[in-house]
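These notes concern the structure reproduced below.
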Amino acid sequence: MWELLESPSVIPPQPQTRFNRENTMRSFLIAASLSLMASSAMAQTAPQEFVDKAASSGMYEIQSSEIVLTDANADANVQAFAQKMIEDHTKAAGDLKAAATKSGLSVPAAPDAKHAAMVSDLSTASDKVSVYKKQQLDAHEEAVALHQSYGSAGTDPNLKAYADATTPVLKMHLEHIKMLNEKSASAVTGAGTSVSSGQSGMNDNAAGVDSSASGGQGTGSGTSTAAPAN
């Protein structure tokens with residue numbers, strides 16, 4: 001009887017079974033997924049922030065393109081691209097303003113500090129065309145990412161419609177400026193190859209002249225040192 005009243009012995013911990021391990025891993029994955037979704041929701045661009053960024057980017061496109069159009073070193077391809085940027089981004093600015101107005105949001109009247117600095121750097125650059133093409137590549141990569149992201153995850157329906165409509169145009173611009181930059185790189189490479197080939201030809205010609213001169217000197221030397229026949 002006294003044995004029945006004794007404290008039960010402590011049950012040692014049982015080894016974790018495969019079922020328990022799978023449940024633990026599943027709980028961890030669910031928690032991680034929820035945390036990631038929460039982080040993504042917090043990272044979404046707010047409507048007013050999107051308007052500010054998109055408007056500033058568009059103003060940079062117009063102002064920088066107006067600058068390069070006045071540069072005498074801009075060839076026909078660069079001028080055509082710059083003119084297209086002015087036309088397309090002027091239209092996009094109007095579309096953005098209409099969408100923002102519908103949603104009760106304000107549109108900035110001037111570019112932000114980052115884009116203003118880019119315009120300033122371009123205006124004072126000695127090689128405006130090169131700086132313009134590099135800036136345009138970076139700017140359009142950012143613009144595509146901004147509009148595409150808001151089109152898929154934005155919260156304002158008017159701005160989402162604007163972003164969805166504008167993204168294909170920005171992607172077309174991006175491909176165009178990539179081609180212009182690749183063409184410039186190819187031209188530089190081709191010029192370098194031509195110079196190298198020309199230099200190689202000059203060296204070959206010089207070697208030929210040296211050989212001829214050496215042969216002529218050898219002949220002369222042989223003539224002068226030959227013993228007269230008896």
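Predicted, not measured: the structure shown is a model, and the values here were computed from it.
Linking Ile, Leu, Val, Met, Phe, Trp and Tyr residues whenever their side-chain heavy atoms come within less than 4.5 Å places Val131 and Leu180 in a single cluster.
No donor-acceptor contact under 3.5 angstrom links the side chains of Ser64 and Gln135, judged on distance only. At a cut-off of 3.5 Å, with distance as the only test, no side-chain donor of Gln79 or Asp75 sits close to an acceptor on the other residue. For the residue pair Thr166/His147, the side-chain donor-acceptor check at 3.5 Å is not satisfied.
Checking side-chain atoms of Ser57 against main-chain N and O of Lys53 turns up no donor-acceptor pair under 3.5 Å. No donor-acceptor distance shorter than 3.5 angstrom exists from the side chain of Lys133 to the backbone of Asn181, with no hydrogens or angles considered. For Ser65 (side chain) and Ile62 (main-chain N/O), no donor-acceptor pair under 3.5 Å exists by modelled atom type. Side-chain N or O atoms of Ser56 include none that pairs as donor or acceptor with a backbone N or O of Asp52 at under 3.5 Å. Remark: side-chain polar atoms of Lys102 are not paired, donor with acceptor, to backbone N or O of Asn158 under 3.5 angstrom. Using modelled atom types, no side-chain atom of Thr167 and backbone atom of Asp164 make a donor-acceptor pair closer than 3.5 Å.
Looking at His176, Met172, Lys178 one by one, the single match for side chain to side chain contact (heavy atoms under 4.5 Å, CB included) with Leu174 turns out to be Lys178. Evaluated for a side chain to side chain donor-acceptor pair (under 3.5 Å) with Glu61, the options His115, Gln136, His173 yield exactly one hit, Gln136.
Residues Asp95 and Lys91 are paired through a salt bridge, judged by an N-O separation under 4.0 Å between the basic side chain and the carboxylate.
Aromatic ring pairs are classed by plane angle as parallel below 30°, tilted from 30° to 60° and perpendicular above 60°; the pair Tyr150 and Phe50 is parallel.
For Ala82 against Val68, the heavy-atom pair with the smallest separation is CB-CG1, 3.6 Å.
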